[in-house]
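In this text, all values refer to a predicted model and were calculated from it rather than measured experimentally. Only this structure's heavy atoms are used, side chains among them; waters, hydrogens and symmetry mates stay out.
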Amino acid sequence: EVDIVCIETPPSTHKFFVMEAIKKNMGIICEKPLALNLREAKLMTKTVKKKKLFACVNHQLRFYPNIVKMKQLLDKKYLGKINYISINHHTDMIDEKNDDSWWFNGKLAGGQLYALGSHLIDLIQFLNGKIRRLTSYQGNFTKMKKFKKMIWKKKIDTYFAMICEFSNGSLGTINTSCITNVDNGLNIIVSGEKRTLKLVNFENLFLYDSNGLKKNISVIDKLKPRKVIGLNPWRTSLVYYLKHINLAFKTKKNFFGASFEDGLETQKILKNVFISSKEKKFKKI
């Protein structure tokens with residue numbers, strides 16, 4: 001009697017549960033990143049496509065009201081030709097009390113790149129198209145080392161930065177960490193030849209014209225006052241996304257979330273970021 005299953009387990013288990021759901025012809029909502037590695041992501045995506053099942057990845061940031069507004073303006077070419085897009089997200093949300101979590105194990109797709117970076121990589125491609133070239137760096141910085149020394153010996157990344165070039169010729173950057181000792185939220189700048197968009201800490205969206213005049217075009221998050229749901233933008237975004245999934249699943253049309261194909265594209269970028277950061281090709285000055 002189950003129509004759709006939500007897989008909220010660690011990435012290392014996604015393949016097993018996704019394949020089980022496929023056997024039962026269930027719709028699938030899979031947590032990010034889609035898989036433990038690119039090979040598993042390819043298999044899952046190919047099998048879902050062959051069976052023609054509804055399947056999506058939990059990249060809920062696409063559905064936060066201000067992100068929806070940004071996407072609408074970009075689709076209308078309102079900013080003109082895009083010069084670059086910059087995404088920053090810095091928090092102190094690493095949980096050292098839960099030191100046996102998959103998050104602290106790089107072999108299980110733990111760390112900042114896979115756990116949060118997968119969200120930001122999906123988002124930057126959602127807003128500005130496919131990435132064709134990139135370079136990156138990962139850092140293993142500590143937060144409360146004197147209390148939990150063993151955690152940091154696992155060398156999971158707590159910071160990563162990426163600079164990329166998109167298929168449309170514009171540039172992009174992602175910069176994120178979880179040990180900043182302050183929650184700075186999601187911040188985005190999209191620079192166009194005619195206008196610029198600036199999102200500040202999720203909630204404030206500004207539009208700047210060619211003369212630098214600022215206009216507040218923020219969209220109110222109507223779920224913010226709700227208990228539990230409104231605790232933070234990640235939660236309200238998830239509820240918006242789930243409502244969209246419910247409608248799209250029933251009508252079998254107009255789905256704007258992250259498909260398994262999108263998840264596979266993100267997985268390819270994750271692999272390339274990982275490889276690029278390990279090469280550490282810095283030019284000596």
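- A side-chain donor-acceptor contact under 3.5 Å links N168 to the backbone of S170.
- The cationic group of K252 lies under 6.0 Å from the six-membered ring centre of F249 and within 45° of the ring axis, placing it in a cation-pi geometry.
- Of the possible donor and acceptor atoms, none in the side chain of N272 sits under 3.5 Å from a partner among the backbone N and O of I269.
- Taking the ring axis of F260 as reference, the NZ or CZ atom of K49 does not stay both within 45° of it and closer than 6.0 Å to the ring centre.
- A donor-acceptor pair is defined here as one N or O able to donate and one able to accept, closer than 3.5 Å; such a pair exists between the side chain of R62 and the backbone of F256.
- Residues K32 and Y114 come closest through the heavy atom pair CD-O, 4.4 Å.
- Using a distance-only test at 3.5 Å, with no hydrogens or angles considered, no donor-acceptor pair links the side chain of T45 to the main chain of E261.
- With K214 contributing its side chain and F206 its backbone, the two residues share no donor-acceptor pair below 3.5 Å.
- Under the 3.5 Å distance criterion, the side-chain polar atoms of N175 are left unmatched by any main-chain donor or acceptor of N88.
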K215 and D209: CA distance, side-chain angles, deciding distance, salt bridge (Lys or Arg N to Asp or Glu O under 4.0 Å) verdict: CA-CA 8 Å; K215 182 180 181 181; D209 65 16; over 6 Å; no

Worked check of side chain to side chain donor-acceptor pair (under 3.5 Å) between N37 and K271: CA-CA 8 Å; N37 53 51; K271 180 179 179 180; over 6 Å; no

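- Of all heavy-atom pairs between L34 and Q267, the closest is N-OE1, 3.6 Å.
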Trace of the side chain to side chain donor-acceptor pair (under 3.5 Å) decision for H244 with N254: CA-CA 9 Å; H244 175 75; N254 298 327; over 6 Å; no

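- In this pair, W234 and F202 present their aromatic rings perpendicular. The plane angle is above 60°, beyond the 30 to 60° band.
- When atom types are taken as modelled, the side chain of S276 and the backbone of S136 share a donor-acceptor pair closer than 3.5 angstrom.
- Listed for the H14 side chain is a donor-acceptor partner under 3.5 Å among the backbone atoms of T9.
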